[in-house]
Each structure stands twice: as C-alpha cells, then as structure tokens.
Amino acid sequence: MPQLLPTPWFTIFIYAWMVLLAVIPLKILSYVYPNHNYLRGLQKPSEHSWFWPWS
Amino acid sequence: LVLSFFDQFLSPTFLGIPLIAVALALPWVMFPALPSQWLPNRQLLLQSWFINRFTQQLLLPLNTGGHKWALLFASLMLFLITLNMLGLLPYTFTPTTQLSLNLGLAVPLWLATVIIGLRNQTTVALGHLLPEGTPTPLIPVLVIIETISLFIRPLALGVRLTANLTAGHLLIQLIATAAFVLLPLMPTVAALTAVLLLLLTLLEVAVAMIQAYVFVLLLSLYLQENI
C-alpha cells in the first residue's frame, strides 16, 4: 500500500500543519459578522392583541 | 511496470514537484478574504454562514475553556471537508488518503487534549479510566481496557479517515474500470454498472463530508472530557 511508504511521511506532516496553522486560520478570521441584531430591538411589538372569535 | 489499483495513492510527483504540495496549497484560493463591505457576495455569504453555524453547533457542549479551540476546529473542518470533496473530482489527488497526514493531525491533537486534561484536572482525567458503578473485582481489568481504548483513539481517528476515503476512491476506480471494460462486451451490464457508479459517487460525496465532520466532532468530544 503506497500510503505505508515512509519516505514522504514527515514532509506531508509538516506541509499539512503549515497549511492548517498559517493559511486557513487567517482566512477564517477574515469572516467577520457585522451585528445586525441591534435592528431587532428597535421594532416595537404589535399593539393589537390577538382576536379570538369565541371570546 | 504493472499498475495496481493502489497506485492512485502514491504521492505523485510531476517534473520533480511533489503534487501533494500543490494539492495542499491551492484549495484555499476558493475562500477569499472578505472585502470590507456590509453585505458580501453569495459565495462569501454561504461560506461565512457555514463556518459560523458549524462553529456554534460544535461549541455547544463545550464549556468556556473549550471555546479557545474554536478557531482550530473551524480550520480543521474547513481543511478536511475541502480536501475530501475536491478529491472526488477526476484527476485530483486527495491528501487525506495519506495515513501520514491523518495520523499527523490526529495524534498531536488527541495528545493535546490528554495533556490538557492531565495537567489541569489530573484526578478527573484519570478518573475517566474507570466507569462509575463498576463491581470491585472487575476494576483492574476495566482500567486496563479503558487505558487501551484511550490509546487507540488517535489511531482510530487517523485510520478511520484514511480507510474511508481510500476505500471510496478504490471502489470508484474499480467500478469505473468494470463499466469501461464491459462496454464493448455487454452494454446493458455496463449501463447498470454506470448507474451503480453514479450512486456510489453520491455516497462518496456524503462520506467525504461526514468523515470530516466525525473527525472534528470526536476531537471536540475528547476535548470536552478533558477541559
């Protein structure tokens, strides 16, 4: 099985960790989420209560 | 030179360049940095939604100390799911079929969780080696069994991902070869094999996503035990 050949093991290990530590976190941290939720607090609740036809 | 079906997993080189380096370096251009806009485009919106919701879901069972691992888990998930899915395209190489990569990710991360557990809460971490309510005569046997199961975890983590992806790719290659060889001989059977190949490819898409998720989920569970 070629996966068991030990020659490129250390290289692959180092490459993978370099990508995982140096490249991807910077990309993930760039996804910022501007806070839209303050707009929800500005909406007032409806002033009409629910209408039940039998009451 | 007799080619076997396993040769697709040989770390390929082209003009002296190990292609695994290209396979590890290029997929991240699909995740561009967000521009400083209020509303990004559709692709960026979907990607950021995925990362946000995934991280939120994964961190639900973890206490506040575990939230320090959010960036690492999100990076790991993105890494694995991208590499797995891109490997299903024709003529691509999947780095996650390499045992070196998967063990190289699993062992240090598992070891980190174990060391954190032993360093910060030694008694609790050692207490995981004996389930509650064990009858007294069974205690020595059970401690041995739980220790073995603890040390098997990184091996299982790495080998699970490797084996699932390797098996999937091998099956795809086998069935595709079968369909191709059968085409001049028995076209109907070849058509049925092609349908099987389509279903298998759909399964492999699911497996690619699920295996990446399982890897990160299990690591978060190991962290939850120890933090």
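All of these numbers come straight from a predicted model, not from anything done at the bench. Proteins get letters first, then strands, A, B, ... in listed order; numbering begins at 1 in each.
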What's the shortest heavy-atom distance between [X] and [Y], and which atoms?
X: B:L71; Y: A:P25; value: CD2-CB, 3.9 Å
X: A:W17; Y: B:G104; value: NE1-O, 2.7 Å
X: B:L101; Y: A:A16; value: CG-CB, 3.8 Å
X: B:P32; Y: A:Y31; value: O-OH, 3.9 Å

For [X], which atoms come within 4.5 Å of any heavy atom of chain A: side chain, backbone, both, or neither?
X: B:L83; answer: neither
X: B:P95; answer: neither
X: B:L78; answer: side chain
X: B:N52; answer: both

Atom OH of B:Y213 with >12 non-hydrogen neighbours under 6.0 angstrom: no
Going from [atom1] on [X] to [atom2] on [Y], what distance comes out if it is rounded to the nearest 0.5 angstrom?
X: B:Q98; Y: A:T11; atom1: CD; atom2: OG1; value: 11.0 Å
X: B:I20; Y: A:I12; atom1: CD1; atom2: CD1; value: 3.5 Å
X: B:L72; Y: A:I28; atom1: CG; atom2: CD1; value: 9.5 Å
X: B:L103; Y: A:F13; atom1: CG; atom2: CZ; value: 10.5 Å
X: A:S30; Y: B:L44; atom1: OG; atom2: CG; value: 8.0 Å
X: A:K27; Y: B:L34; atom1: NZ; atom2: CG; value: 11.0 Å

Within-4.5 Å side-chain heavy-atom neighbours: B:S100 and A:Y15: no
Test side-chain contact (heavy atoms from CB on, under 4.5 Å) applied to B:F31 and A:I24, step by step: CA-CA 9 Å; B:F31 300 96; A:I24 307 180; over 6 Å; no
